[in-house]
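Order of the sequence lines fixes the chain letters, A, B, ..., with proteins taken first and strands second; residue numbering starts at 1 for each chain. As a basis for the values below, the full set of heavy atoms in this structure was taken, side chains included, without hydrogen atoms, waters or symmetry mates.
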Number of protein chains: 2
Amino acid sequence: MLSKKTKYGLKALTFIARRTDNKPVQIATIAKSENISQKFLESILLTLRKSGFLGSKKGKGGGYYLLKDPKEIKMSSVMRVLEGPIAMIPCVSLNFYEKCDDCPDENTCAVHNLMIEVRDCTLNIFNNKSLSDLI
Amino acid sequence: MLSKKTKYGLKALTFIARRTDNKPVQIATIAKSENISQKFLESILLTLRKSGFLGSKKGKGGGYYLLKDPKEIKMSSVMRVLEGPIAMIPCVSLNFYEKCDDCPDENTCAVHNLMIEVRDCTLNIFNNKSLSDLI
DNA sequence: TATTTATCCTATAGATTTAATAGATTAATG
DNA sequence: CATTAATCTATTAAATCTATAGGATAAATA
């Protein structure tokens, strides 16, 4: 399941990306327009800023703005920051690999091999989609 | 993330499917071989029985067995029973559809359209894989 | 029919994650 | 220096997941 954090984060990024002038957008504006709890959105935007997707400006006329061209913002990187691993199970994750406690041999594990296929097709979509494709 | 319930369930089904004679397999046997908590596995197998994948036999020599040919057991149906919706968000789910509270129009929702693509590719895999492919 | 074996059922506890809230702080601008 | 708005920390509330406990029920065997 996609977390609300990710859902809201994607909506907010899309909202900001639609501003062609790239002037700072205030949290409250996004929250109202997209029906998101403002405080919750606050923490999400903070995450996106810390991850290098957004810049922020304090004070009057402040807000959040994109640091890169929407074409350069790949869905796979956004998803990893907001949602975490793209793989459904850590033992097939490229960026967040972890061995399963219970599994003696990954190569013969039915679940492992199935989940590799799922990861590949999902990753293929997220790698070939950018923020500009969402607008 | 794939829940342990699903992971264990898939492993158990695979274990049972490998028995060519289709004689009942005891919970304890599977639990030991696959390193799964026996009580937890018990409830998972119960779910699979109630969903029509497995049959069971009580008493001595009892256990669980497949009700259908592994070729006839599609991954999509197993996943739906164990993990729930295949879609990452209810508004794109075919079998568990739900409207988003915050979203006024699905057709113009960036998240919605992205998640449709992900659902389609995942579903394509699960629909074309059967239990026999996992063995 | 007594004994053994194994599934079936209900309840619940602990851990983790998710979502949201509250309040104080810091910084920029006019 | 007052106003505006972002930032940070801490905490709560709710939901879900994982696992365990204990007994009830049913079937096979001797």
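If you take OH of B/Tyr8 and C1' of D/dT18, they are 9 Å apart, rounded to a whole angstrom. Counting to the nearest Å, the P atom of D/dG23 and the NZ atom of B/Lys39 are 11 Å from each other. Atom CG in A/Asp101 sits roughly 13 Å away from atom C1' in D/dT18 (whole-Å rounding). Rounded to an integer number of Å, the gap from CG of B/Leu48 to C1' of C/dC8 is 15 Å. Here the C1' atom of nucleotide C/dC8 and the CD1 atom of B/Ile44 are 15 Å apart, to the nearest Å. For A/Lys23 and D/dA5, the NZ to C1' distance is 17 Å, given to the nearest whole Å. Here D/dA19 presents its P atom at 12 Å from CG of B/Asn35, a figure rounded to the nearest Å. In this structure, the CZ atom of B/Phe40 is 13 Å from the C1' atom of C/dA15, given to the nearest Å.
A sub-4.0 Å separation between OP1 or OP2 of C/dT29 and a side-chain N or O of A/Lys57 is present. Close to C/dA19, at under 4.0 Å from its OP1 or OP2, lies no side-chain N or O of A/Ser43. Phosphate contact (OP1/OP2 of C/dC8, side-chain N/O of B/Ser56, threshold under 4.0 Å): present. When the side-chain nitrogen and oxygen atoms of B/Arg49 are compared with OP1 and OP2 of C/dT7, none of them lie within a distance under 4.0 Å.
More than 12 non-hydrogen atoms from other residues, nucleotides or ligands lie less than 6.0 angstrom from CG of B/Asp21.
For the 3.5 Å distance criterion, the side chains of B/Asn124 and B/Asn128 qualify, holding a donor opposite an acceptor. No hydrogens or angles considered: a donor-acceptor pair under 3.5 Å links the side chains of B/Glu83 and B/Ser3.
Comparing A/Thr6 and A/Lys58 along DNA chain C, the residue whose closest nucleotide (by nearest heavy atom) sits nearer the 5' end is A/Thr6. Both B/Lys4 and A/Gln38 lie near DNA chain D, and the one whose nearest nucleotide falls closer to the 5' end is A/Gln38. Both A/Gly59 and A/Ser37 sit near DNA chain C, but only A/Ser37 has its closest nucleotide nearer the 5' end.
Contact annotation for B/Ile27: backbone-only contact, meaning every heavy-atom pair under 4.0 Å involves sugar-phosphate atoms and none involves a base. When heavy atoms are screened at a 4.0 angstrom cut-off, A/Leu46 is found touching the sugar-phosphate backbone but no base atom. If you check every strand for non-hydrogen atoms under 4.0 Å, A/Glu42 touches a base. Residue contacts shown for B/Lys50 are limited to sugar-phosphate atoms, with no base heavy atom under 4.0 Å away.
The pair A/Lys7-B/Asp102 meets the salt-bridge criterion, with a side-chain N (NZ, NE, NH1 or NH2) lying under 4.0 Å from an Asp/Glu carboxylate O.
The SG atoms of A/Cys121 and B/Cys121 sit under 2.5 Å apart.
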